[in-house]
Every structure is written in structure tokens, then in C-alpha cells.
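The structure appears below as C-alpha cells.
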Amino acid sequence: QSALTQPASVSGSPGQSITISCTATSSDAGGYNYVSWYQQHPGKVPKLLIYDVSNRPSGVSSRFSGSKSGNTASLTISGLQADDEADYFCNSYTSSSTPRVFGGGTKLTVL
Amino acid sequence: QVQLQESGPGLVKPSETLSLTCTVSGDSISGYYWSWLRQSPGKGLEWIGFFYYSGSTNYNPSLKSRLTISVDTSKSQFSLKLSSVTAADTALYYCARENRAFDIWGQGTMVIVSS
């Protein structure tokens, strides 16, 4: 059972903005600012989009942004494009016996 | 350019040991965490464990009793051994570098547990 809860699916139309939430179900995961987000297209390797809650690696579009409030981290994608249709996973450090945990993933559909 | 490449058998019999190796090229193993992760068909990502270049390791408690992660710095390789496998261990196995996040991934290797 994941310590990070994500919605199973979200959808949006091209050009719109969407937000995917990632809520820590216990304080051992929610207290850290080491949240990262990954995009995975079908059959492809996960790609790092955001690290340390809100930082983008070089080469990642500025349309992707991250934030955190309390125990909930969020990934916002602005100006939705067809290629954004993919699965998105959050990850966090935790102080529990499992130091790295993933959310269950969110499938983004671009309508 | 840092690259990671997993290698190992794609088919393992139930109750046997799954052994995979990740070869790192383009960078030293020193200075980072190096992790194994897996993804069951149609499922999400699961962190298996990591080692730190200093020699420390940390494993997912759900796998700890069956798991060993080791490193051969002379070959720039780190390895995973998972014993007493069952069908539940069938998955796509990834190795990854952790530099504040899992920033570099191998292509993944599919392991099927079946007799």
C-alpha cells in the first residue's frame, strides 16, 4: 500500500492546464521536500520532470511545474499538448523503513 | 553522457534466485545513490533498494529478507540478487542513478518468473 496517493486519472483539453496531486498518507512521507515527478509514456522509461518539489532538470519544458502545501505535492502541466498523454508518478523520501516511495501513478488523457 | 544498462536472464524458475547487473558508463559510481526499481505489468513503480558509494545499502522492507545489492567498483557495476522468487516478482526491472531524484535510468530488463 503506497504511502503516496495520486488520482488514478485526470484529463484535459489541448491548451488547458491540469494539476496532479500526490498526498502523503502519513507524516513520515509528508515532511520532506524531496518530492520528484516522473513521466512515463507507454513502453518507455520513466523521465524525471521535477525534483526537490519544484526544480526542473535541464531540458524539461517550463510547462511542467511542481509545488507542495502541507502533505500534498502537486504537478501542474500548462498548455496541454497531445504528447503529454502519459502516466505520471510522484516519489518522495520518507523517514519510515521504506526510504523511497512512489505514488500509484496518474494516467493523463488529453482529450 | 552517463548510461546505465541492465543485464541478466529474462526467465527465472519459481524458488530460484533472480540475478541482475547494472553497468554504469560515462561516470563514476562514487558520489551517488544507485537504485534498483521494478514495475509489474500494467502497474506502478516500486523501489527495491539502493546502495551508496560509501558502501551502505537500504532495502525495501517487503523484499529485505530475500534481497542483496552489491557493487563491483572496478567494473562500474552494481548487482541485484533476489532469492526464492515467485510469479509476483515478474516485472520490468530498472537500475537508476539517484542524484536528488532518479535522474538517469537504464532501459529496463523484463524478468518473468515461470517454470
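Just so you know, these numbers come straight off a predicted model, no measurement behind them.
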Legend entry - From A:Arg100 atom CZ to B:Asn60 atom CG, the distance as rounded to the nearest 0.5 Å: 12.0 Å

Inset, instruction - Would you kindly check if the NZ (Lys) or CZ (Arg) of B:Arg100 is within the cone defined by 45 degrees around the ring axis of A:Tyr93 and under 6.0 Å from the six-membered ring centre? - result: no

Inset, instruction - May I ask you to list the residues in residues 45-59 of chain A that approach chain B closer than 4.5 angstrom, counting heavy atoms only, ordered by number? - result: A:Val45, A:Pro46, A:Leu48, A:Tyr51, A:Asp52

Inset, instruction - Kindly check if the number of other-residue, nucleotide or ligand heavy atoms within 6.0 Å of CD (B:Gln107) is above 12? - result: no

Legend entry - Distance (rounded to the nearest 0.5 Å) between B:Trp105 CH2 and A:Lys44 NZ: 15.5 Å

Inset, instruction - With rounding to the nearest 0.5 Å, note down the distance linking CH2 in B:Trp47 to OG1 in A:Thr94. - result: 8.5 Å

Inset, instruction - Check whether B:Phe50 gets within reach of chain A through its side chain, its backbone, both or neither, counting any heavy atom under 4.5 Å. - result: side chain

Inset, instruction - Sort B:Tyr94 into side chain, backbone, both or neither according to what part of it lies under 4.5 angstrom from a heavy atom of chain A. - result: side chain

Inset, instruction - Kindly give the heavy-atom pair with the smallest separation between B:Gly44 and A:Phe89, and that separation in Å. - result: CA-CE2, 3.5 Å

Inset, instruction - Using a cut-off of 6.0 Å, state whether more than 12 heavy atoms not belonging to B:Tyr52 lie near its atom OH. - result: yes

Inset, instruction - Nearest 0.5 Å please: distance from the CZ atom of A:Phe102 over to the CD atom of B:Gln39. - result: 9.0 Å

Legend entry - Heavy-atom contact with chain A under 4.5 Å, split by part of B:Leu92: neither

Legend entry - CG on A:Asn91 to CD on B:Glu98, rounded to 0.5 Å: 7.5 Å

Legend entry - Engaged part of B:Asp103 at the chain A interface, taking heavy atoms whose separation is under 4.5 Å: both

